[in-house]
Protein chains: 2
Amino acid sequence: MKKAKPPPSPPTSATAHEARRVTSYDVALAAGVSQSAVSRCFKPGASVSKETYARVMAAAAELDYIPNAAARSLITRRSNMVAVIISNLTNLYYPEALSELSQQLVRHGKRVLLFNLAREADVDQALADVWQYQVDGVIASAGLSDAHIGEFERRHVPLVMFNRAASDQRMHSVNSVLCDQRDASRMLVSRLAAAGHRQFAIVDGPADSSASAERRQAACERLAELGLPPPVVVTGNHDYRSGADGLRAVIAQLGRAPDAIICGNDVMAIGCLDCARHELGIDVPGRLSVAGFDAVEPSNWLSYNLTTLRQPMQKMAAAAADLLANLIDSHDTQAERRVFGAQFIAGATARLVALKPQPLAA
Amino acid sequence: MKKAKPPPSPPTSATAHEARRVTSYDVALAAGVSQSAVSRCFKPGASVSKETYARVMAAAAELDYIPNAAARSLITRRSNMVAVIISNLTNLYYPEALSELSQQLVRHGKRVLLFNLAREADVDQALADVWQYQVDGVIASAGLSDAHIGEFERRHVPLVMFNRAASDQRMHSVNSVLCDQRDASRMLVSRLAAAGHRQFAIVDGPADSSASAERRQAACERLAELGLPPPVVVTGNHDYRSGADGLRAVIAQLGRAPDAIICGNDVMAIGCLDCARHELGIDVPGRLSVAGFDAVEPSNWLSYNLTTLRQPMQKMAAAAADLLANLIDSHDTQAERRVFGAQFIAGATARLVALKPQPLAA
DNA sequence: TTGTATGCGTTATCAC
DNA sequence: GTGATAACGCATACAA
């Protein structure tokens with residue numbers, strides 16, 4: 001019997017109000033092996049004899065031993081934590097994204113440290129904490145400035161932008177998983193234009209949403225290509241209320257309802273829709289077509305059945321997790337962009353076929 | 001000039017593919033002070049002279065030094081992380097809860113390590129990880145068995161149950177923040193009964209939801225007290241589809257529509273409502289009253305304007321964060337239960353006034 | 001107020 | 001395969 005020296009002082013005393021934690025030394029002592037043997041038993045690919053492994057595991061179970069991740073990460077430089085930075089969880093779109101990301105990351109052995117930004121200004125404090133917590137990498141679905149992104153590089157912390165574009169300068173130097181907003185938006189405009197809509201309106205998302213901005217730009221471009229009048233554009237903030245407000249503002253500006261209104265996300269589209277139907281008595285899609293983005297769950301409810309565009313969330317989350325895991329394992333420096341296409345959901349809030357030509361006579 | 005001994009070997013070499021991290025020793029060297037002085041500068045209440053503080057901070061800024069939370073937590077036994085265990089993030093109710101909890105915890109200097117359980121069975125793996133990560137405490141909004149709760153006690157990890165009740169045995173030995181489901185449910189039944197509804201139906205939540213079970217029980221009790229017939233009860237799983245299915249099942253079982261149907265949450269109520277109105281052509285609230293629970297955002301949308309009960313989420317989240325923070329700071333062993341009342345939201349999907357007595361003649 | 005010395009609990013390196 | 005020993009980066013008791 002060898003005595004283990006390392007834990008020289010017996011736990012200060014039993015009177016400590018918090019029991020001393022069980023460490024690998026305790027297990028080693030109980031199993032009659034060295035501490036390093038215990039350590040090896042908890043490392044997947046290590047070389048341990050079957051016999052010692054069994055004895056160690058028995059002792060560990062007996063003592064309720066659990067390895068301390070903080071100590072481990074100190075030496076391995078891996079915390080097995082990934083920070084997920086999200087700009088506003090109450091946005092109906094994010095919970096699904098977060099849920100998928102979390103599940104995919106678990107498959108790579110990573111847990112999510114959550115940073116939910118109530119205001120965009122909170123990003124600085126969030127990043128300060130991110131550095132402290134020694135996360136292995138970051139998935140950001142929030143607006144990051146070039147300066148922020150630069151800090152990731154300096155600190156060698158892998159970053160994947162999720163559904164958020166970096167600035168044009170940074171675009172090709174930062175890893176990202178995106179949905180092709182331009183293509184989706186152009187597709188939507190084309191379908192609506194083909195059905196004969198001429199006067200469009202756009203209820204844009206807030207200024208810090210890169211996706212909304214791309215959608216708006218692409219829509220404007222496509223309208224110009226088709227020789228249609230420029231759309232009325234108003235700004236919302238992605239919530240229900242601002243959809244309704246947006247519709248009213250558009251009507252005020254235009255003097256009448258437009259033919260079609262494209263909203264920066266589904267919740268605004270639903271706000272717009274409810275306002276049209278229940279407050280203004282406008283027939284949708286008879287006199288007004290309404291479309292959204294994201295295909296969040298309520299968009300599919302019978303009362304709405306919204307015309308919208310679905311992003312392949314599961315694939316995107318899986319791609320983000322894979323990309324980040326690769327970045328972490330192989331300090332790759334070559335940035336990658338994975339772009340996914342959106343799926344058009346016809347719904348029933350937009351007229352998608354041309355009207356029969358009306359006879360001129362009354 | 002004293003030389004700092006502790007970092008004896010110069011960083012192995014500059015060729016390492018990952019730059020060596022900046023430590024407090026580096027800052028100490030640059031500032032011409034000891035490592036412990038640097039440490040003190042980053043501890044709020046420590047005693048440091050203004051002068052050294054300034055020099056240390058200057059050096060730290062120069063070198064981009066950030067304290068390593070893993071190393072810190074190893075010695076302080078505080079990770080400043082709180083695990084939040086949530087049973088299913090895609091449940092519309094949880095994102096709001098998580099968002100509030102996250103914000104409240106940040107106010108206490110804690111960050112959220114997220115455990116999102118896709119299946120209830122994942123709780124074991126989640127807890128195994130919880131122990132490893134050395135979180136300071138746990139907020140659980142998921143079903144925990146007595147055995148699970150016992151493990152928290154053995155490991156001295158503070159636990160607050162959020163909107164989930166423990167078993168009757170454990171009820172008074174575990175900290176919890178709750179909404180009075182019984183009272184809310186009785187209030188709802190009373191209001192509906194007073195308006196003349198006689199035949200009730202209940203679309204219950206899944207078996208693992210303690211809140212749903214309490215609501216159902218209380219509703220049944222109150223109906224019995226009022227001398228009304230027992231309700232038809234069917235089981236759903238908290239999603240839109242199961243609300244619609246629930247209504248159909250109730251009608252099949254009863255041979256007709258009930259007077260009032262109470263759903264285990266808002267999303268099921270909305271599913272029920274849409275099914276009644278758009279599929280079955282039942283007038284709500286004319287011939288059928290529908291009520292939900294939680295007052296999630298869509299319940300307030302014009303197309304629904306649901307009769308429901310709101311839980312004071314912000315207060316509850318604040319209470320949970322406070323409670324947990326106290327538990328962490330003062331190893332208090334006395335369990336506490338904070339129960340909040342729900343607020344009745346009248347909405348427009350339930351008839352809340354008695355019908356005028358009908359003349360008997362046709 | 002400041003510096004020295006020590007330990008937190010683990011993994012990694014190296015002889016054996 | 002196994003055990004000593006040295007980090008990992010920081011906070012703390014204690015001496016100065």
Side-chain angles (χ1 to χ4, degrees), chain A residues 1-9 11-12 18 20-29 31-56 60 65-80 131-134, chain B residues 1-12 18 20-29 31-56 60 63 65-80 131-134:
Chain A
M1 297 296 160
K2 305 154 195 157
K3 264 195 186 166
K5 250 189 305 184
S9 55
T12 42
E18 184 164 4
R20 201 179 66 88
R21 294 183 189 176
V22 178
T23 76
S24 51
Y25 281 110
D26 302 323
V27 177
L29 193 61
V33 298
S34 75
Q35 181 271 336
S36 25
V38 176
S39 174
R40 278 191 284 264
C41 288
F42 283 88
K43 177 177 171 156
S47 82
V48 203
S49 78
K50 275 201 150 183
E51 191 192 358
T52 50
Y53 180 83
R55 284 180 35 213
V56 165
Y65 168 73
I66 303 267
N68 182 322
R72 168 181 294 165
S73 76
L74 199 54
I75 183 116
T76 62
R77 289 153 175 273
R78 285 256 180 294
S79 63
N80 291 325
W131 312 138
Q132 291 219 9
Y133 281 94
Q134 310 295 119
Chain B
M1 298 296 160
K2 304 153 197 160
K3 263 193 187 168
K5 250 190 301 183
S9 56
T12 42
E18 185 164 2
R20 202 179 65 90
R21 295 183 188 175
V22 178
T23 76
S24 52
Y25 283 109
D26 302 322
V27 177
L29 193 62
V33 298
S34 75
Q35 179 269 333
S36 44
V38 176
S39 174
R40 279 190 283 263
C41 288
F42 283 87
K43 178 178 172 154
S47 82
V48 203
S49 76
K50 275 200 152 185
E51 190 193 358
T52 49
Y53 182 82
R55 280 175 43 207
V56 166
L63 297 177
Y65 168 72
I66 304 266
N68 182 323
R72 169 180 293 166
S73 75
L74 199 54
I75 184 142
T76 60
R77 288 152 175 275
R78 284 257 180 294
S79 63
N80 291 326
W131 311 138
Q132 291 219 10
Y133 280 95
Q134 310 295 118

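Not measured: the values here are computed from a predicted model. Reminder, nothing fancy here: chain letters follow the sequence lines and each chain counts from 1.
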Side chain of [X], heavy atoms from C-beta onward: which of [options] has the nearest atom to it?
X	options	answer
B:R72	D:dG3, D:dA11, C:dT11	D:dA11
B:S39	C:dT11, C:dT2, D:dA11	D:dA11
A:S24	D:dG3, C:dT10, D:dG9	C:dT10
B:S47	C:dT1, C:dT10, D:dG3	C:dT1

What is the distance, to the nearest angstrom, from the [atom1] atom on [X] to the [atom2] atom on [N]?
X	N	atom1	atom2	value
A:R21	C:dT10	CZ	C1'	13 Å
B:I66	D:dC10	CD1	P	11 Å
B:Y53	C:dT2	OH	C1'	17 Å
B:N68	D:dG9	CG	P	7 Å
B:I75	D:dA7	CD1	P	19 Å
B:Y133	C:dG9	OH	P	19 Å
A:Q132	D:dG9	CD	P	15 Å
A:K50	D:dT2	NZ	P	14 Å

For B:S79 and B:Q134, which I'm curious about, is there any donor-acceptor pair between the side chains at under 3.5 Å?
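On atom types as modelled, these side chains do not qualify, holding no pair under 3.5 Å.
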
Taking [X] for its side chain and [Y] for its backbone only, find out whether a donor-acceptor pair lies under 3.5 Å.
X	Y	answer
B:R40	B:A46	no
B:Y133	A:N80	yes
B:R78	B:S73	no

Would you tell me if any nitrogen or oxygen in the side chain of [X] comes within less than 4.0 Å of OP1 or OP2 on [N]?
X	N	answer
B:R77	C:dG9	yes
B:T23	D:dG9	no
A:S49	D:dG1	no
A:S34	D:dA4	no

[X] near the nucleic acid: base, sugar-phosphate alone, or nothing, with a heavy-atom cut-off under 4.0 Å?
X	result
A:Y65	sugar-phosphate
B:V48	sugar-phosphate
A:T76	sugar-phosphate
A:T52	sugar-phosphate
A:S36	base

Quick check on side-chain contact (heavy atoms from CB on, under 4.5 Å): which of A:D26, A:V33, A:T23 does A:V38 satisfy it with?
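With A:V38 as partner, A:D26, A:V33, A:T23 yield a single side-chain contact (heavy atoms from CB on, under 4.5 Å), made by A:V33.
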
Straight-line distance of A:R72 CZ to A:S24 OG, nearest 0.5 Å
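Result: 10.5 Å between the selected atoms.
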
Distance-only donor-acceptor test, B:Q35 side-chain atoms vs D:dA11 base atoms, 3.5 Å:
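Donor-acceptor pair under 3.5 Å: yes.
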
Contact nearer the 5' end of DNA chain D, comparing B:K43 with B:A70:
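Result of the comparison: B:A70.
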
On DNA chain C, nearest-nucleotide positions of A:R40 versus B:L74: which is more 5'?
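So the residue in question is B:L74.
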
